[in-house]
Participant: 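Dropping the structure in here first, questions after.
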Amino acid sequence: MIMEENMVAMLLAFFLDAVVGWPRWLYLRIGHPVTWVGRMINAGDRSLNREADSRLLRRICGIAVAGFVIILTAGMTFGISWLLPDGWPKILLTGLLAWPLVAARSLHDHVCAVSRPLATGDLPTARKAVSMIVGRNPKLLNDAGVARAAMESLAENSSDGIVAPLFWGMLLGLPGIAAYKAINTMDSMIGHRTPRHEAFGWAAARIDDVANLIPARLTGLLFVLVSGRPAAALRVMLRDAPSHRSPNAGWPEAAFAGALGIRLSGPRTYADHVAEEPWLNGAAPDPCPDDLVRGLVLYRRAMAAVAVLLAVIVLTTGWP
C-alpha cells in the first residue's frame, strides 16, 4: 500500500511540474530546494576542500560532506513525512512537496530555448542558450555541435531530472526523492575530475553512479520503446552505451542516438581541455536543427509514457 501511495504522490508531483513548472515568482520568494542543498554543498567545499591538504584527507572530507548532506536531507524529509496525516492528505502533501524535485518542464524549456534560435539560423543565441545546460565551450560549436550538446543534455537529464527522482520517490517516498536530488546536486557541483574536486568529489561521484544505475537503464529502455524504431535504438544502446565515459549517461544517450538515427557524444571542447570521447552511433550523421526538434518530440513522448505507466501500475494494483 505504501508503494502505491508513493506512486500516486509522484504522479501528482510529475503532473504539477509538467503543467506549472517552478514559477519564477515562487523562486524569487523562496528559492528552490536544489539551491538550498547547493548552499550546504558549497559551504562544505569552501571550508573543507583545502588545496594544502593531502589527497587522502580531501577524500575523507568529501566523504564526510556527502554523508552529512544526504543524511540531513533524508532525515529532515523523513521527519516531515512522518508528521503528515495519513491517507489522501499525506499523498497530496507529499506530491506537493516533491513537485520542485522533478524537472520535466524546466528541461524541456531549456532545450526549447536552444532549438528555436537554432532552427532560424541564429547561432549566437543558440550558443548562449546551450551554455546554460552544458559545460563545454559554446564559442567553438557550430550548428551540429550545438544540436549535439543540447540533445545529449536532454537524454541524460531525462534520467537525472525525471526518471531517477520518480524512481526513488516511488521506492522511498519523500525522503527518497529528496536524498536523490541531494546526491545528484552534489555530483553536478563537486563530482568532477578536476584538480580541485577529483579527491574531494570522489564520494559524490561514486554515490551518484550507484543511485543512477537502474534509472539510467530504465530511461534508455523507455526511449527505445517509444522511438518508433525500437530494434535500431536497442541495438545502438546495447552496443555503444558501455563505451561511454559515464557508467550511466551512455544508456539514455545511446538510445536517443539510435532512435533518431544520429550520432552523439564524441570529442568535445571544454574551457581548458578537449575530451576525446567515443561516438555513440558513430556511423550516423551529425544532428541538425530539425533533429533537435525531433528529439524534443521523442522526449515528450517518453514523458507521456512515464505518466501513463505510473497511472496503469497504480490502477492495476487495485488501489485505492
Side-chain angles (χ1 to χ4, degrees), residues 1-20 22 33-34 37 67 69-105 107 157-187 207-226 247-248 251-252 255 299 301-320:
M1 183 64 72
I2 293 176
M3 177 75 79
E4 287 83 357
E5 291 179 355
N6 287 343
M7 285 185 180
V8 176
M10 293 306 112
L11 184 60
L12 173 61
F14 181 73
F15 175 79
L16 285 171
D17 175 73
V19 174
V20 181
W22 190 243
V34 169
V37 173
V69 170
I70 296 168
I71 292 170
L72 182 62
T73 303
M76 289 179 63
T77 49
F78 177 81
I80 293 170
S81 185
W82 184 75
L83 291 171
L84 296 178
D86 291 333
W88 274 107
K90 183 169 187 174
I91 293 171
L92 295 175
L93 289 170
T94 298
L96 189 65
L97 292 169
W99 161 31
L101 304 176
V102 184
R105 179 66 176 265
L107 177 58
N157 286 297
S158 294
S159 175
D160 292 0
I162 301 102
V163 175
L166 292 174
F167 175 83
W168 289 108
M170 287 186 292
L171 286 181
L172 301 173
L174 187 61
I177 189 173
Y180 172 77
K181 290 302 289 188
I183 291 167
N184 191 243
T185 303
M186 279 194 296
D187 180 62
I207 295 168
D208 184 76
D209 286 344
V210 174
N212 283 297
L213 195 67
I214 296 174
R217 286 150 181 80
L218 290 176
T219 306
L221 185 59
L222 180 66
F223 285 139
V224 167
L225 294 175
V226 303
N248 296 318
W251 294 86
Y299 168 79
R301 198 183 301 159
M303 294 305 103
V306 169
V308 170
L309 182 61
L310 283 176
V312 168
I313 292 173
V314 170
L315 292 174
T316 56
T317 59
W319 191 91

Participant: Please name the pair of heavy atoms, one in Ile162 and one in Asn157, separated by the smallest distance, quoted to 0.1 Å.
Facilitator: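 For Ile162 and Asn157, the tightest heavy-atom pair comes out as CD1-O, 3.6 Å.
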Participant: Under 3.5 Å, side chain of Tyr180 to main-chain N/O of Leu166, donor-acceptor pair present?
Facilitator: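 No: the side chain of Tyr180 does not pair with the backbone of Leu166.
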Participant: Would you give the length of the straight line joining atom CD1 of Ile207 to atom CG of Asp187, rounded to the nearest 0.5 angstrom?
Facilitator: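 Ile207 atom CD1 to Asp187 atom CG measures 10.0 Å (nearest 0.5 Å).
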Participant: Considering all heavy atoms of both residues, which atom of Asp86 and which atom of Pro89 are nearest to each other, and what is their separation?
Facilitator: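 Nearest pair, atom of Asp86 first, then Pro89: O-CD, 3.5 Å.
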Participant: Check whether any side-chain heavy atom of Thr94 sits under 4.5 Å from a side-chain heavy atom of Leu84, and report yes or no.
Facilitator: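 Yes - at least one pair of side-chain heavy atoms lies under 4.5 Å apart.
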Participant: Nearest 0.5 angstrom please: Ile70 CD1 to Leu72 CG, how far?
Facilitator: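 Ile70 CD1 to Leu72 CG: 11.0 Å, rounded to 0.5 Å.
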Participant: Measuring from Met76:CE to Ile80:CD1, what's the distance to the nearest 0.5 Å?
Facilitator: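 Met76 CE to Ile80 CD1: 6.0 Å, rounded to 0.5 Å.
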Participant: Minimum heavy-atom separation for Ile177 and Pro165, please, with both atom names.
Facilitator: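 Of all heavy-atom pairs spanning Ile177 and Pro165, the closest is CG1-O, 3.4 Å.
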Participant: Can you tell me how far apart CG (Asn184) and CG (Asp160) are? Round to the nearest 0.5 Å.
Facilitator: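 So the gap between those two atoms works out to 4.5 Å.
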Participant: Answer yes or no: is there a donor N or O on one side and an acceptor on the other, between the side chain of Asn212 and the main chain of Asp208, under 3.5 Å?
Facilitator: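 Flag set: sc Asn212 to bb Asp208 pair under 3.5 Å.
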Participant: Take Arg217 and Asn248, measure what side chain to side chain contact (heavy atoms under 4.5 Å, CB included) needs, and give me the verdict at the end.
Facilitator: CA-CA 7 Å; Arg217 286 150 181 80; Asn248 296 318; 2.9 Å; yes
Participant: Between CE of Met303 and CG of Leu107, what distance do you get to the nearest 0.5 Å?
Facilitator: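 These two atoms lie 8.0 Å from each other.
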Participant: Side chains of Leu12 and Leu96: closer than 4.5 Å at any heavy-atom pair?
Facilitator: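 A side-chain contact is absent here, since even the closest heavy-atom pair is not under 4.5 Å.
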Participant: Using 0.5 Å steps for rounding, measure from the CH2 atom of Trp251 to the CG atom of Leu213.
Facilitator: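 If we round to the nearest 0.5 Å, Trp251:CH2 and Leu213:CG are 9.5 Å apart.
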Participant: For Ala302 versus Leu222, what's the shortest heavy-atom pair and its separation?
Facilitator: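 Scanning both residues, the minimum pair turns out to be O-CD2, 3.6 Å.
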Participant: I'd like to know if the side chain of Thr219 reaches the main chain of Pro215, judged simply by a donor and an acceptor atom lying under 3.5 Å from each other, with no hydrogens or angles considered.
Facilitator: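 It does hold such a pair.
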Participant: When you compare the side chain of Asn6 with that of Leu171, does any pair of heavy atoms fall below 4.5 Å?
Facilitator: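 No - every pair of side-chain heavy atoms lies 4.5 Å or more apart.
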Participant: Has Leu225 got more than 12 heavy atoms of other residues, nucleotides or ligands less than 6.0 Å from its CG?
Facilitator: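 Yes, because the 6.0 Å sphere around CG of Leu225 holds more than 12 heavy atoms from other groups.
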Participant: Do Met170 and Leu310 have side chains that get closer than 4.5 Å, going by heavy atoms?
Facilitator: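 When only atoms from C-beta onward are counted, Leu310 and Met170 do touch, with a gap below 4.5 Å.
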Participant: For a quick test of reading the model, state the closest non-hydrogen atom pair linking Ala18 to Arg105 and the distance between them.
Facilitator: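 That closest heavy-atom pairing would be O-NH1, 3.1 Å.
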Participant: Examine distances only and state if a side-chain atom of Trp99 and a backbone atom of Val20 form a donor-acceptor pair shorter than 3.5 Å.
Facilitator: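 Absent.
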Participant: What pair of heavy atoms forms the shortest contact from Ala255 to Phe223, and how long is it?
Facilitator: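 Shortest heavy-atom contact: CB-CB, 4.0 Å.
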